[in-house]
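What follows is a set of notes on a single structure, which appears directly below.
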Amino acid sequence: MKNKKEYSVSTQKILAAIKIIPSGKVDTYGNVADRAGLRNGARLVVRVLHTLSESEKLPWYRIVNKQGKISLEGEGAILQRNLLEIEGVIVNDDKIDLEKYGLK
DNA sequence: GCCATGGCTAGTA
DNA sequence: GCCATGGCTAGTA
């Protein structure tokens with residue numbers, strides 16, 4: 001039984017773009033997509049996070065929307081905020097200062 | 001093949 | 001609207 005799951009080039013690039021985000025920093029969906037070479041692939045990033053976060057051990061919680069806000073709701077949002085705070089990221093009302101913690 | 005998905009977002013009214 | 005993938009269907013052989 002082999003599990004040689006192959007990802008498409010786009011998916012691989014997105015995975016790489018996500019893994020680049022260092023601890024204590026955050027990035028936006030759109031930015032990740034751009035780094036992966038996908039101009040309008042924000043939603044694709046969302047999809048990748050959804051399907052591969054666990055298997056690829058992705059730092060999913062380091063990704064927020066363009067306004068620097070946590071896009072999840074309920075439990076997920078709480079978990080994300082906690083994980084970020086553990087890394088030293090300050091979160092106010094589910095909002096993060098992208099100028100300070102965002103990737104350039 | 002077609003179509004829904006998913007935590008979005010640039011750009012118009 | 002944009003994007004790629006997974007799941008499901010219709011339509012041939």
Complementary nucleotide of dG6(B), counting Watson-Crick and G-U pairs under 3.5 Å: dC3(C)
Can you check the Arg81(A) CZ to dG7(B) C1' distance for me, whole Å? 16 Å
Pick base, sugar-phosphate or nothing for Ile63(A), based on heavy-atom distances below 4.0 Å to the nucleic acid. base
Between dG7(B) (C1') and Tyr61(A) (OH): distance, integer Å: 16 Å
Could you pick out which residue, Arg43(A) or Val9(A), lies toward the 5' side of DNA chain C when each is mapped onto its nearest nucleotide? Arg43(A)
Rounded to the nearest 0.5 Å, the CG atom of Asp34(A) sits from the CG atom of Asp27(A) at a distance of 9.0 Å
When you measure from the side chain of Lys66(A), which nucleotide among dA10(B), dC8(B), dA4(C) comes out closest? dA10(B)
Rounded distance in Å - CG (Leu44(A)) to C1' (dC3(C)): 5 Å
Atom OG1 of Thr28(A) and atom CD of Gln67(A): how far apart are they, to the nearest 0.5 Å? 10.0 Å
Atom pair distance, as rounded to whole Å: CG in Leu98(A) and P in dC8(B): 15 Å
How is Thr11(A) classified with respect to the nucleic acid when contacts are heavy atoms under 4.0 Å: base, sugar-phosphate, or nothing? sugar-phosphate
Is atom NZ of Lys100(A) surrounded by more than 12 heavy atoms (other residues, nucleotides or ligands) closer than 6.0 Å? no
Rounded to the nearest angstrom, tell me the gap between atom CG in Leu15(A) and atom C1' in dA4(C). 13 Å
Contact nearer the 5' end of DNA chain C, comparing Arg47(A) with Ala42(A): Ala42(A)
For Lys13(A) and dT5(C), what is the distance between atoms NZ and P respectively, to the nearest whole Å? 13 Å
Determine whether the side chains of Glu87(A) and Tyr101(A) contain a donor N or O and an acceptor N or O closer than 3.5 Å. no
How long is the line joining NZ of Lys69(A) and P of dC8(B), in whole Å? 12 Å
Pairs where residues 90-99 of chain A contributes a residue and the test side chain to side chain donor-acceptor pair (under 3.5 Å) is met, not counting sequence neighbours: Arg81(A)-Asp94(A)
Taking only N and O in the side chain of His50(A), is any of them less than 4.0 Å away from OP1 or OP2 of dG7(B)? yes
To the nearest Å, how far apart are Ile14(A) CD1 and dC2(C) P? 16 Å
DNA chain B: 5'-proximal contact among Asn40(A) and Leu49(A) (nearest heavy atom): Leu49(A)
